[in-house]
2 protein chains.
Amino acid sequence: MCHFWCRHTAILPTEVANPVASSTANKNAPMDAYRQLFDGILSQRLAPGTKLNEVELTQLFSVSRTLIRQALQRLQLEQVVEIHKNRGAFVAAPSPDVAEQILFARHTIELAVVKLACQRCKVTDVLKLQYMIDLEQSAINQGDMATALRRSGEFHLQLAIVAGNQPFVHALRGLISQTSLIITMYNHGGGNACARDEHSQLLTAVKQGDEAQSQKLMAHHLGHIAASCDFTQSPQMANLKGAFAHLGQVQQA
Amino acid sequence: MCHFWCRHTAILPTEVANPVASSTANKNAPMDAYRQLFDGILSQRLAPGTKLNEVELTQLFSVSRTLIRQALQRLQLEQVVEIHKNRGAFVAAPSPDVAEQILFARHTIELAVVKLACQRCKVTDVLKLQYMIDLEQSAINQGDMATALRRSGEFHLQLAIVAGNQPFVHALRGLISQTSLIITMYNHGGGNACARDEHSQLLTAVKQGDEAQSQKLMAHHLGHIAASCDFTQSPQMANLKGAFAHLGQVQQA
DNA sequence: GTACATAATATTGTATACAATATAATAGAA
DNA sequence: TTCTATTATATTGTATACAATATTATGTAC
């Protein structure tokens, strides 16, 4: 299976783990700042709606605001962060409408991806994909659901890489991250209804080059995500302040 | 029809039209710098491979390097510009492989888009789309093929907006721009084989909500682009210097 | 003249300083 | 108290200064 819906107490930006210690004279800092934030969001350490204060981030990552802003802009263009003029950056909080659009776009693109993957998948690709499934499973076994969620996303991305279509990879990078946010927001402690080995089944079908079957499995797999979410209830947030911060200047008593 | 393959003598960055005159105290300069570059590329004023020197751009747009670099990064993330560490930014020059991937991705996404558009297209949407077709046609009538090309792209993007899927809009923005580059590079003065009113036909089908027909027309429409390109010959470039600049440090006598 | 090494220049990468805006805190009036 | 106006603070937006790297030019040996 792909995504997990266990909730974790959201850790605020000030507590983001593993700052790129000032000790190691870091080679390319901009990528690090980006990756730290990206991983933080995908691992649900940074809840949707959380404000990302630039100076706090400079202290955390020991780089200037220039690089922080670079990272934030990139995340914005991946739709994982929203930047509001003169108000700052916030972890994206997709509305139910947008959430549905995101899942639909994934459906469309990933069905095309697995078809391509069936045609192009080499032996080495199978090994790599299998390895990623194993990594995900080991994270599950250790109870580290945040890591499992991130690795699940990486499996899907690797599938696009195997499919050999650059634009699909690019688009999916953002869509997968956003799916993480959607799960965090709309899966209110709901159960986990889908089987644990959907990724394995998918890989088997791809390995055999069975396009129809792999597409069917992918559709089923993605369907579980949408099914597990409740878009009618108000989104689950770490805290109200964060939840409203990304909106305009709204009166809040 | 959608894309045009007439060649224009490529104008170098120093000659980009309409700098955001220092006279008008510009409100949001960053967007302007971005849009100037974006339009320059889509209108084929900036040829693939052209180096985008930061200080030159600062003089052209009368803003600091900070904003120029912001615009360049955004264009990079839309895959319209390539940035090489310590070497600078260049107008993207998609390889034949990547070009094929781009066209395939457009095919996949735009087929989904027209289907959605059939379901959601309102009267006001039809009017807007028709207006954009008229604009494109008037550019053609005036012989301004660069503008026609840009407006053609805007029609496709508007279709995605009508379809109401944000991720599709986002993805297509980059893909359409890249298609412009592909045409510039690989359509070696070839003729224009496709009918002039494909956009109109498409709109008619969408207006009627005929999903099958609109998808068929879209597939046909996109097929013309690929068919008009010759990926076996070396890409057409404005000049050799520009053509090689985006590559690594290659010996050139 | 060619090839290589070295120095001069140009260009990009990063940090900081200042300006503009938004947020918060304070004080005063109803 | 509660609301509003005003001031103070914090935060983001933009420009510039400096550092690191790459590119070009120069000069010397062969």
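Reminder, nothing fancy here: chain letters follow the sequence lines and each chain counts from 1.
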Checklist entry - Any donor-acceptor pair under 3.5 Å linking the side chain of B:T50 with the backbone of B:L46? => result no
Next on the checklist: Looking only at side-chain N and O atoms, does B:Y131 offer a donor or acceptor that is under 3.5 Å from a partner on B:E136?
Outcome noted: no
Checklist outcome for this item: Taken to the nearest whole Å, CD/B:Q76 to C1'/C:dT12 is 14 Å
Checklist entry - Nearest-Å distance, CZ (B:F90) to P (D:dA22)? => result 13 Å
Checklist entry - With distance as the sole criterion, is a donor-acceptor pair present between the side chains of B:Q73 and B:Y34 under 3.5 Å? => result no
Item to check | Contact check, side chains of A:L181 and A:P94, non-hydrogen atoms, under 4.5 Å | outcome: yes
Checklist outcome for this item: Separation of D:dA15 atom P from B:Q59 atom CD, nearest Å, is 14 Å
Checklist outcome for this item: Here the distance between atom C1' of D:dT21 and atom NE2 of B:H84, to the nearest Å, is 16 Å
Next on the checklist: I need the NZ-C1' distance between A:K85 and D:dT14, as an integer number of Å.
Outcome noted: 10 Å
Item to check | Protein-nucleotide distance (B:L67, atom CG; C:dA19, atom C1'), rounded to Å | outcome: 13 Å
Next on the checklist: Under 4.0 Å from OP1 or OP2 of C:dT14: is there any side-chain N or O of A:T66 that close?
Outcome noted: no
Item to check | Min side-chain heavy-atom separation A:E54-A:L72 under 4.5 Å | outcome: yes
Checklist entry - Distance check: side-chain N/O of B:R69 vs OP1/OP2 of C:dG13, anything under 4.0 Å? => result yes
Item to check | Comparing B:Q70 and B:R65 on DNA chain D - which has the more 5′ nearest nucleotide | outcome: B:Q70
Checklist entry - To the nearest angstrom, how far is A:L57 atom CG from C:dA15 atom C1'? => result 16 Å
Every protein N/O lying under 3.5 Å from an N/O of nucleotides 5-11 of chain D:
residue: D:dT11; atom: OP1; partner: A:N53; partner atom: ND2; Å: 3.3

Next on the checklist: Let's go through B:S95 and B:D97 carefully: what are the C-alpha distance in whole Å and the side-chain angles of both, what is the deciding distance for side-chain hydrogen bond (donor to acceptor under 3.5 Å, both in side chains) to 0.1 Å, and is it a yes or a no?
Outcome noted: CA-CA 5 Å; B:S95 68; B:D97 256 17; 5.6 Å; no
